Amino acid sequence: MTAAPAPLSPAAANALSAFLRGVERRALVVAELQTGDAALAERAVAVAMRAFAGHATNLQMADWPARFWGLLCSTPQLLAPPAGGRWPEPVAHLQVLAPAERLAMLLRIGVGMDEPAAAAVLGVEADAYRQALAGACPRDAEGYPDANGWRQLAEDVQSRIRDLSQPRLQQLEQLRESVISGVLPTKPTPAPALTFKDDRRKPASRRRQREPWRLRTWLLLCVPLLLLAVVAVWWWRSQAPVATGANAGNGVSDNGPVQVEELPDDSTPLAPGEDAHAAADAAMLADPQLALARDADFLAWYAAGGPLPVDESQPQPSRPEPAGAALETVDAD
């Protein structure tokens with residue numbers, strides 16, 4: 001049985017929690033696709049997390065990824081998964097692979113490791129890892145490596161990592177918190193079958209007995225509110241002014257009789273026969289700006305290009321007679 005790690009300092013606990021949060025999804029999916037069993041995968045991830053927490057404080061943070069994945073891949077569940085695992089149809093190709101080839105492929109398409117890092121995690125030479133990876137590659141009908149099949153398989157694995165269900169995410173969160181705190185998780189207490197009152201499960205006779213009581217309760221609550229509304233309407237109508245006379249039909253209320261008060265006349269009395277507007281007219285006619293206004297019609301006509309008017313009071317020059325007209329006069333004589 002793996003011993004629980006000692007409590008960590010706050011700084012180390014925060015760093016460890018951030019690292020585990022970043023790898024826990026991929027770790028769970030890789031373990032499940034390697035074993036074909038969700039329960040085995042969860043146990044393998046829990047063992048790897050607790051073993052890693054006991055060594056993390058003695059390692060540089062740059063060495064944490066290799067150490068964690070090395071611990072996970074060295075668990076018995078992933079090294080030699082038992083027979084009877086089940087894989088869904090999109091990733092059914094993993095079922096036909098040998099465990100070593102399957103794990104080599106999952107480190108590449110699930111974790112994203114390059115060849116040197118994956119070979120170090122598995123503890124093999126780079127050539128041996130490349131050979132296992134080549135044996136895991138999907139093949140087409142003619143036996144050649146199928147690039148499209150490889151790509152589709154990688155997309156399916158990444159989709160499973162992204163779309164991990166909420167219950168499994170909560171399970172990972174609880175596991176992470178227990179690893180950080182050093183306290184082993186306890187089995188959750190099952191919730192009761194019914195956590196709320198449901199009248200539908202009661203006999204119909206009891207429901208009918210409760211209905212009149214509820215009706216009386218509503219009536220007791222509504223009657224005081226109704227009386228209060230009636231009193232408010234009566235008070236408002238008693239305070240509102242009453243429209244009378246000509247205002248009775250247009251919604252205008254009469255607040256009382258109109259008071260009329262005659263104002264004193266402070267104007268200067270005029271002399272008999274004097275025009276009250278003569279002074280104002282004289283001032284207006286004396287204004288030089290209005291002199292142009294009096295000739296506005298003439299100025300407009302002149303501006304339009306009309307001929308000069310003829311002054312009828314002055315003698316007009318006679319027009320010269322044509323030469324032919326003088327000759328005709330002489331001949332007539």
Side-chain angles (χ1 to χ4, degrees), residues 19-46 48-49 65-66 68-173 175-176:
F19 173 78
L20 293 178
R21 187 183 299 110
V23 299
E24 60 190 12
R25 282 189 179 213
R26 288 176 292 165
L28 183 61
V29 173
V30 166
E32 184 173 350
L33 293 179
Q34 172 66 7
T35 60
D37 190 317
L40 286 178
E42 292 168 4
R43 288 199 294 270
V45 172
M49 280 189 175
F68 173 79
W69 291 109
L71 289 171
L72 179 62
C73 293
S74 63
T75 57
Q77 292 87 349
L78 270 67
L79 280 179
R86 301 179 62 181
W87 285 262
E89 181 61 30
V91 292
H93 173 72
L94 298 174
Q95 186 172 1
V96 301
L97 301 177
E101 295 176 347
R102 188 188 309 135
L103 188 56
M105 186 178 194
L106 289 173
L107 287 178
R108 185 62 177 270
I109 65 177
V111 184
M113 287 187 177
D114 55 12
E115 293 180 359
V121 165
L122 295 178
V124 298
E125 297 293 334
D127 292 338
Y129 175 76
R130 282 193 292 269
Q131 184 177 357
L133 199 61
C137 182
R139 304 281 174 172
D140 58 16
E142 298 180 357
Y144 293 102
D146 185 2
N148 291 330
W150 177 282
R151 188 181 306 108
Q152 185 61 44
L153 186 62
E155 291 178 357
D156 291 336
V157 172
Q158 292 297 323
S159 176
R160 290 178 177 276
I161 296 174
R162 289 192 308 267
D163 302 335
L164 205 60
S165 64
Q166 191 63 31
R168 306 200 73 184
L169 291 176
Q170 294 177 355
Q171 185 179 8
L172 286 174
E173 182 179 1
L175 175 60
R176 182 185 351 113

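What you see is a predicted model, and the numbers here were worked out from it, not measured in a lab.
Considering only heavy atoms from C-beta on, Cys73 comes within 4.5 Å of Leu103 through its side chain. For the pair Pro65/Phe19, a side-chain contact is recorded, criterion being any heavy-atom separation below 4.5 Å from C-beta on.
Partners of Arg86 by side-chain contact (heavy atoms from CB on, under 4.5 Å), not counting sequence neighbours: none found. Applying the side-chain contact (heavy atoms from CB on, under 4.5 Å) criterion to Ala41, with sequence neighbours excluded, gives Leu28, Ala31, Glu32, Thr35. Annotation: side chain to side chain donor-acceptor pair (under 3.5 Å) contacts of Gln171 (sequence neighbours excluded): Glu42. Applying the side-chain contact (heavy atoms from CB on, under 4.5 Å) rule to Gln131 yields no partners; only residues at least two apart in sequence or on another chain are considered. Contacts of Ser159 classified as side chain to side chain donor-acceptor pair (under 3.5 Å), with partners at least two apart in sequence or in another chain: Asp163. Legend: residues meeting salt bridge (charged side-chain N to carboxylate O under 4.0 Å, His left out) with Arg176, ordered by chain and number and at least two apart, are Glu24. With sequence neighbours left out, Glu142 forms a side-chain contact (heavy atoms from CB on, under 4.5 Å) with Asp140, Tyr144.
In plain terms, the two heavy atoms of Leu175 and Met49 that are nearest each other are CD2-SD, 3.6 Å. Of all the heavy atoms in Gln158 and Ile109, the pair that sits closest is NE2-O, 2.6 Å. Shortest non-hydrogen contact noted between Tyr129 and Leu107 is OH-CB, 4.4 Å. In plain terms, the two heavy atoms of Leu71 and Ser74 that are nearest each other are O-OG, 2.9 Å. Contact record, Ala44 with Leu72: O-CD1, 3.8 Å, taken as the closest heavy-atom pair.
For residues 95-117, the salt bridge (Lys or Arg N to Asp or Glu O under 4.0 Å) pairs, not counting sequence neighbours, are Glu115-Arg130.
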What donor-acceptor contacts under 3.5 angstrom involve side-chain atoms of residues 149-157, with partners at least two apart or in another chain?
{"from": "Arg151", "atom 1": "NH1", "to": "Asn148", "atom 2": "OD1", "distance (Å)": "2.8"}
{"from": "Gln152", "atom 1": "NE2", "to": "Asp156", "atom 2": "OD1", "distance (Å)": "3.3"}

Table please: side-chain donor-acceptor pairs of residues 88-97 below 3.5 Å, with sequence neighbours left out.
{"from": "His93", "atom 1": "NE2", "to": "Ala136", "atom 2": "O", "distance (Å)": "2.9"}

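Separating the CG atom in Leu164 from the CD atom in Gln170 is a distance of 11.0 Å, to the nearest 0.5 Å. Between the CG atom in Leu33 and the CZ atom in Arg160 there is a gap of 6.0 Å [rounded to 0.5 Å]. Between atom CG of residue Leu106 and atom CD of residue Gln34 there is a gap of 6.0 Å, rounded to the nearest 0.5 Å.
A distance-only check finds a donor-acceptor pair linking the side chain of Arg26 to the backbone of Gly22 [under 3.5 Å].
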